[in-house]
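Here's the structure, in structure tokens; my notes come after.
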Amino acid sequence: MQWSLFEGGAGVAHRNLQHSMADMMELAKDRTEWETYVEAAGSYATILHAQSTRQAVMGLESQVRQVLAKYSVGSKSNPVGYSGLLGLKSLLNRAQAVSEQLWVEGEGARSRISSLASSIPPEFEVRPEPVSVFLAVALPEERLNSTDSLPVGIAEKRLEVSRAAVHLQRESRLDRLYRAFMEKLLGSRGRSLRFGGLTVLLLLGSFSLLMVKAVKVKMLPFDNKNEFQVLVDFPPETPVRKSIESSQELARNLLSHPEVKKVQIFAGESAPFSFSGMVKHAYLRQSEGQVDLQVVLSGKNDRKLSSHQIIESLRPAVIEFGLKHRAVTKVLEIPPGPPVMATMLAEVYGPTPESRRQVTRELEEIFRSKSSVVDLDTTNRELKQRKVYAFDRTQGGLLGSSAASMAGLGSYVFSESRVGLLNESAHPEEIGIDLSVKQDVRSSERPFQGQTIPSFESGSVQASSLVRAPELLSNPVLYRKNLKPVSYVMSELSGSEEAPVYGMLKLAPKIKYPTQTAEVPWDTESPVIKWDGEWFITYEVFRDLGGAFAVVIVLIYVLVLGWFRSYLVPLVIMAPIPISLIGILPGHAMLGAYFTATSMIGFIAGAGIIVRNSIILVDFIEHQMKSGMPVKEAVISAGVLRFRPMLLTAAAVVVGSSVMLADPIFQGLAVSLMFGEIAATVLSRFAVPVLYYWFLGNIRKGQIHEN
């Protein structure tokens, strides 16, 4: 009440009295709530103590009854004497009395809980836990974390309650569903076997995605770059001027694409040195009929298509240009990884050059029969023919002229001689001043006409009298690998199947010669074909990663073996590792991503996190079993209580890996970590408890009790 006559100190005193009364009522309410929770916790503890003790007493009763059942009056093989018989009967009567007393105590505690039901939140349920687990109550979190703000005596009561052998836990609907499902799953061996069979079927179904090519294997996907190169090899007799004119036609066709911004032509010399040119040996292109087109695209952020998609749309125009001008064309994308001469590369070994050329021609026809094979080229292609002027040694000996003098004259006639440099500020590069014989003299039938060389007999002699008639000879390129002669068939793949393994599988049935992958063949008495290129790099990388993963599995087994001191527990813990493939392979199929080397790395990296989650489950199961909890309840309870840290770990991996999804190179790593963790976290919550319960539960329980 507010009275108008209360003024000054009287009014202040009245308001302070009201505030004090309100605080006292709030403290009394808090105390009442805490006393209710304390009483409920004590009743729960009484129930659990009565149940566990009564269970032990009933076990003792069963053992006594088994001994008494074997007793026979007058038999000399009685397990106990007559006095022992009386003692056992007395023990049995005492055990029955204790069991009845414990039952009465438990029922009394249950009736007290029923009377407090209206004061306890309905979502709280009884869960047997170790003493170290605190009691969860419905007070706000900040009140639980601050003992200073609690009423007098409540902080001490909280500490007392936290030491109780039970805690009230808020279970979600999913946890209740999990508990009910696991009760049924562990209640029948047949249901557990069906669950295991379903898991195996899911794993086999995931592997089938590789067989039906829903998930394709590749070393590394194509990167999204701002440039690429087009290599054009015109017929060897094509002059450089003709090469430039024809290449300008191709450049105009490329510039018609809206994403192509610039095209620079390099004729008679290679394009600027790049990583692509290094691995493809493009920096060696110096012939007049060889042209490099450097194509610059718009920026990555200014276009929707990737560079590979743009190249695929331009490839038909490049192929048509090559057919029109009888030229060999190749498109060079800057590779993100494998430093190889070509994506699909066949090495041909044989005893003679003729046999190698014949096998190379046959392989070329087989490659050409597949529409997915593009940029086909072989080492059978010869360069420009050579015009050879043979030195007449007999005539040279009669006239006293040496072959070295004739060779020097040939170098002078057919080469340029630099006499100086012309430096201008307008040109960033130096300009050479070269002297040479007229081109019409060089290309004539008698280029040495009028030229002389020294002679010991007459001082000088006409050079044309010392050479024979010119001959046109072929100009092949010889290749060797590991000191063995070899020929190459090089190609790229275009379309839906860009990984070399699929092209090899299609071509292999048509090849009648023996083929191999790993090592260079040493026996080349008959033709042998070795697959190289990106496939060989893929084979080596996955082989080495698989071997490293096998070593890691052994090390994990040894570490877990040392901790749990059991040969079977590590097997149960590592069982979810292959389960992660149930998420990894479908994840690649959903996103349309290749299973690459980074995908394999993600699978190996995720194995450590998966094992960590399994260790959490198994360790908590055995921790509860040490406290006297039955195996089945410990297995189910571990799945409920330890799922949250497992879920948080998986969520952190998923969120952290999602930033790599947009990168074409590390997309496989992100997909493996994200989808592998999701599948392994969900399925291991069921698989690990089931395997532990049926294969290890009773064994480990006996070992724990012995220790």
Side-chain angles (χ1 to χ4, degrees), residues 202-226 228 259 297 300-316 331 333-338 343-344 370-374 492-506 534-535 537-538 541-542 545 578-606 650 653-680 682:
L202 290 175
L203 187 59
L204 295 177
S206 300
F207 281 117
S208 68
L209 296 176
L210 297 172
M211 304 300 296
V212 300
K213 300 179 183 178
V215 178
K216 299 173 184 176
V217 179
K218 200 175 188 299
M219 175 62 188
L220 282 177
F222 291 101
D223 203 351
N224 187 15
K225 298 293 186 179
N226 292 335
F228 66 94
E259 301 297 347
L297 304 175
K300 299 178 183 179
N301 299 327
D302 300 331
R303 50 183 162 89
K304 296 181 180 179
L305 299 177
S306 66
S307 60
H308 181 66
Q309 292 173 323
I310 296 173
I311 290 171
E312 288 300 306
S313 64
L314 294 173
R315 192 180 289 277
V331 179
E333 298 187 53
I334 298 179
T343 298
M344 193 162 66
K370 294 298 181 181
S371 59
S372 58
V373 176
V374 295
E492 302 292 329
L493 293 172
S494 178
S496 59
E497 298 176 357
E498 297 172 339
V501 61
Y502 304 109
M504 290 167 48
L505 291 176
K506 287 184 177 180
E534 184 179 322
W535 158 249
I537 300 296
T538 304
V541 168
F542 279 89
L545 286 176
I579 292 178
S580 63
L581 292 173
I582 297 176
I584 291 175
L585 294 177
H588 281 79
M590 290 170 54
L591 298 180
Y594 285 101
F595 188 87
T596 62
T598 59
S599 302
M600 187 68 176
I601 294 173
F603 170 61
I604 297 174
V653 172
V654 171
V655 174
S657 303
S658 62
V659 299
M660 296 184 288
L661 282 176
D663 187 273
I665 306 302
F666 294 100
Q667 184 185 37
L669 175 63
V671 173
S672 294
L673 288 175
M674 293 172 63
F675 288 88
E677 286 303 313
I678 292 173
V682 174

Review point. How would you list all residue pairs meeting salt bridge (charged side-chain N to carboxylate O under 4.0 Å, His left out) that involve residues 667-677, not counting sequence neighbours?
Key: none
Practice item. Output the distance between atom CG (L673) and atom OG1 (T598), rounded to the nearest 0.5 Å. Key: 9.5 Å
Exercise for review: Rounded to the nearest 0.5 Å, what's the gap from CD on E259 to CG on D302? Could you check?
Suggested key: 8.5 Å
Review point. Stepwise, does the side-chain contact (heavy atoms from CB on, under 4.5 Å) test hold for V501 with T538?
Key: CA-CA 9 Å; V501 61; T538 304; over 6 Å; no
**Study point:** For the student: nearest non-hydrogen atoms of M344 and M504, plus distance
**Key:** SD-N, 3.9 Å
Review point. Hey, mind stepping through E312 and L305 against side-chain contact (heavy atoms from CB on, under 4.5 Å) and telling me if it holds?
Key: CA-CA 11 Å; E312 288 300 306; L305 299 177; over 6 Å; no
Check your understanding: Counting only heavy atoms not in F228, do more than 12 sit closer than 6.0 Å to its CZ atom?
Key -> yes
Review point. Do V374 and L493 have side-chain heavy atoms sitting under 4.5 Å apart?
Key: no
Check your understanding: Any side-chain heavy atom of I311 sitting closer than 4.5 Å to one from F222?
Key -> no
Point to revise | Single hit among I582, L581, L591 for side-chain contact (heavy atoms from CB on, under 4.5 Å) with F675 | key: L591
Practice item. Quick one: do K300 and N226 satisfy side-chain contact (heavy atoms from CB on, under 4.5 Å)? Show the steps, please. Key: CA-CA 7 Å; K300 299 178 183 179; N226 292 335; 3.3 Å; yes
**Study point:** Nearest atoms (heavy-atom pairs only) where M219 meets T596
**Key:** O-CB, 3.4 Å
Exercise for review: Please list, chain by chain and in numerical order, all residues satisfying salt bridge (Lys or Arg N to Asp or Glu O under 4.0 Å) with K213, sequence neighbours excluded.
Suggested key: E497
Study note, to complete from the structure: In terms of heavy-atom contacts, V215 and F595 come closest through CG1-CB, 3.9 Å
Check your understanding: Could you give the distance from CG (L209) to CG (L204), rounded to the nearest 0.5 Å?
Key -> 11.5 Å
Revision key, fill the gap. Nearest heavy-atom approach of G656 to V659 is O-CG2, 3.3 Å
Study note, to complete from the structure: d(H588 NE2, S206 OG) to nearest 0.5 Å is 12.0 Å
Study note, to complete from the structure: For P578 and L203, the nearest pair of non-hydrogen atoms, with its separation, is O-CD1, 3.3 Å
Study note, to complete from the structure: Tightest non-hydrogen contact, residues V541 and A597, listed as CG1-CB, 3.8 Å
Check your understanding: From L505 CG over to W535 CH2, what is the distance, rounded to the nearest 0.5 angstrom?
Key -> 8.0 Å
Revision key, fill the gap. Contacts satisfying side-chain hydrogen bond (donor to acceptor under 3.5 Å, both in side chains) that involve residues 664-675 (not counting sequence neighbours) are none
Practice item. With rounding to the nearest 0.5 Å, note down the distance linking OG in S494 to NE2 in H308. Key: 6.5 Å
